[in-house]
2 protein chains.
Amino acid sequence: MASKDNSVNIKGDGAAKAAGTYHHGDLRAAVIAAGLTRLAEGDGTELGLRALARDVGVSATALYRHFPDKEALLDALADEGLRRLGALQAQAWLRAGGGHAGFKATGIAYVRFAYDEPAVFRLSFTRQMSERCEPGADGGEVGYNLLRAGVAQTMPNLEDPDTAALHAWALVHGLAMLILDRRIEWDEAMVEEVVGLTFGGKA
Amino acid sequence: MASKDNSVNIKGDGAAKAAGTYHHGDLRAAVIAAGLTRLAEGDGTELGLRALARDVGVSATALYRHFPDKEALLDALADEGLRRLGALQAQAWLRAGGGHAGFKATGIAYVRFAYDEPAVFRLSFTRQMSERCEPGADGGEVGYNLLRAGVAQTMPNLEDPDTAALHAWALVHGLAMLILDRRIEWDEAMVEEVVGLTFGGKA
DNA sequence: CTCGATATGTTTACAGTGACAACATATGGC
DNA sequence: GCCATATGTTGTCACTGTAAACATATCGAG
C-alpha cells in the first residue's frame, strides 16, 4: 500500500521509524513522543486517539496493541512528564551547586516547567496515581528524592522534616497551578521572591 | 405527553420546579444544582449534557437555551463552586473570631473544601478564567478579599503584602491539589501543621 | 528453508457525545 | 383575542473511544 512511507510525520520523530525490526520500529515510544510534542504545542484541543495515530503515521486502532485504553496512554504520557520534570530539577540543583541555592533552584525549576509546558504538567499531576498503576515505577521519584535531600541539607536540625518538605512542595505546586489556571500572572521575579520565602531566602 | 411530570428527578431538586411561572420553573438554576449534586456524588464519570438534562427532567438540547455550550455550563458550575468555597471560608473566619486564628481557619477551610468536594474544587479552578468571561462577576471575590484582609490583619508591618498573600494562597492551593490528586494523604493534623507554618503558627 | 505461531497494524462498525436546525408549545404584552 | 417571543423537543450530523474480524510481518522450530 505504501501508505506508511509517505506518512505526514509532522511530529513524533525522535523515537520513530527505528530501522526495520518491526512494522513501525518502536511504536509506543513514537506515540508517547508525538503525544508530548502535541501537548507542548499547546493547542488546547484535547489530543484524540485518531489525531495522535495520524501524527505517527498509523491507523487509530493500532494504538490498542500498545495501550489497553486511552487512559493508559495518558498515564504513560504523565509518567514521562514527571521524568522530565525530575530531570530539569536535578539539572537546576547541580547548576546551582546544591545547598540552599540548589534547593531554591529546584523549586523555581518546578514552577518554570509548569509555565513552559502547561499541558504536560497538568496531565502529569491530574492523573490520580495508584488505583491504576501500583506503586513503584513512578516517574516522579527523582523529583521526590531531590525534595527530601533538599530539606535534609537545607534545614538539618528540624523537628519535623516531613512537614517542611510538604510545605515546600505544596508551595511550588500551588504556585504552578495558580499560574497554569491563570489565577496569577507568570513573573519570574515574583516566583523567586515567593519561593525564597520558604526555600531559604537568605541564601 | 406527561413525560415531564413523571421525570425521575433523582437529584437536582432545591431550585427545580419552582411553581408554574415558566415551562420548568427555573431551569439554569436547576441544572446548576443538579450538576453540583452530580459532582458532589463523586462518580468519576464526566457529567454529560444528556445525563444532566435527564436528572432535571428535560431533553438534552433544552440546556442550550440557557448556556451557549457545555463550556459555559461548566463555567457557571465553577463559579458557583468558588462562591461556596468563599462562603465556607467566611464562615470559618467568623467562627474563629478573625485575627491569626481566623486567617489560619480560612486556609484550612480551603483545603478541607477541596477534600470534601474534589470534583467541584477541581472544576472551579481548572477552568482558566478570562478569555471566556471578562473580569468581574467572579465567584471567587469573597475568598480573595478574605485573603487580603487576613494578610493585612495578621502581618500589618510587611514590606510586600502581595508576596505574603501569594505565598499563603499558593500553599493552601498546592496542598489541596496534592491531596486531590492523591499525591499525599488527607490528614487533618498534618494540614493544620503545614498551614500553621505560614498562616501564623504561633496564634 | 518451510511453516505455523505470534505480534503487530488495518478495516469496519457501533454506541455515545456535543451541537445544530427545524419544529412545537407555553407566556405575556398589546 | 392575537401575535412576538421565550422556552422545550425531535431529528440529525460529525466526531470520539473501542471492540471484532481481518491482514501481514516477524521469529522460532522442524
Side-chain angles (χ1 to χ4, degrees), chain A residues 1-9 12 15-32 34-35 38-39 43-77 123 127 132, chain B residues 1-9 12 15-32 34-35 38-39 43-77 123 127 132:
Chain A
M1 303 306 183
S3 71
K4 187 167 47 180
D5 283 340
N6 69 353
S7 67
V8 189
N9 195 16
K17 34 194 67 180
T21 56
Y22 269 117
H23 287 189
H24 173 95
D26 186 359
L27 228 167
R28 171 160 185 118
V31 169
I32 291 182
R38 198 163 259 263
L39 285 179
D43 41 355
T45 57
E46 268 301 329
L47 66 152
L49 291 190
R50 282 167 170 85
L52 204 48
R54 199 177 325 119
D55 281 353
V56 119
V58 116
S59 233
T61 55
L63 308 188
Y64 282 87
R65 300 296 164 179
H66 298 268
F67 306 93
D69 60 352
K70 189 187 184 184
E71 293 297 297
L73 199 167
L74 294 182
D75 281 342
L77 283 176
L123 180 72
R127 312 267 78 210
R132 186 169 285 267
Chain B
M1 301 306 183
S3 72
K4 189 167 47 180
D5 282 340
N6 69 352
S7 66
V8 188
N9 194 18
K17 34 193 63 179
T21 55
Y22 269 115
H23 285 187
H24 174 97
D26 187 357
L27 230 168
R28 169 154 189 122
V31 169
I32 292 182
R38 198 162 258 264
L39 286 179
D43 41 356
T45 59
E46 268 300 329
L47 65 155
L49 292 189
R50 283 169 169 84
L52 204 49
R54 198 174 329 117
D55 281 354
V56 118
V58 117
S59 233
T61 54
L63 308 187
Y64 283 89
R65 299 293 165 183
H66 298 267
F67 305 93
D69 60 354
K70 189 188 184 184
E71 293 298 295
L73 200 168
L74 294 183
D75 281 341
L77 282 177
L123 180 73
R127 313 261 84 204
R132 187 168 282 269

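Throughout, a chain's letter reflects where its sequence line sits, starting with A, and its residues are numbered from 1.
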Does dA7(C) have its OP1 or OP2 closer than 4.0 Å to a side-chain nitrogen or oxygen of H66(A)? no
Should L73(B) and L77(B) be marked as a side-chain contact (heavy atoms from CB on, under 4.5 Å) after you check the CA-CA gap, both sets of side-chain angles, and the distance that decides it? CA-CA 6 Å; L73(B) 200 168; L77(B) 282 177; 3.9 Å; yes
Whole Å only: how far is the CZ atom of F67(B) from the C1' atom of dC20(C)? 18 Å
Name the pairs: protein N/O against N/O of nucleotides 17-21 of chain D, kept only if under 3.5 Å.
from: dG17(D); atom 1: OP1; to: L49(A); atom 2: N; distance (Å): 3.4
from: dG17(D); atom 1: OP1; to: K70(A); atom 2: NZ; distance (Å): 2.8
from: dG17(D); atom 1: OP2; to: L49(A); atom 2: N; distance (Å): 2.9
from: dG17(D); atom 1: N7; to: R50(A); atom 2: NH1; distance (Å): 2.5
from: dG17(D); atom 1: O6; to: R50(A); atom 2: NH2; distance (Å): 3.0
from: dT18(D); atom 1: OP2; to: Y64(A); atom 2: OH; distance (Å): 2.5
from: dT18(D); atom 1: OP2; to: K70(A); atom 2: N; distance (Å): 2.9
from: dT18(D); atom 1: O5'; to: Y64(A); atom 2: OH; distance (Å): 2.8
from: dA21(D); atom 1: N6; to: R65(A); atom 2: NH2; distance (Å): 3.4

Sequence neighbours excluded, which residues qualify as side-chain contact (heavy atoms from CB on, under 4.5 Å) partners of R50(B)? R54(B), A60(B)
Using side-chain heavy atoms (C-beta onward) and a distance below 4.5 Å, is D75(B) in contact with F67(B)? no
Residues L123(A) and L74(A): closest non-hydrogen pair is CD2-O, 4.0 Å
Roughly how many Å is it from CG in L63(B) to P in dC20(C), rounded to a whole number? 13 Å
Please round to the nearest 0.5 Å and tell me the distance separating atom CG of L47(B) and atom CG of D55(B). 9.5 Å
Hey, could you give me the CG/CG distance between L63(B) and D69(B), rounded to the nearest 0.5 Å? 11.5 Å
Spacing of CD1 belonging to I32(A) relative to CZ belonging to R28(A), to within rounding of 0.5 Å: 5.0 Å
Between the axis at one end of the helix from dC1(C)-dG30(D) to dC30(C)-dG1(D) and the axis at the other (five pairs apiece), what's the angle to 10 degrees? 0°
Shortest non-hydrogen contact from V31(A) toward V56(A): N-CG2, 4.0 Å
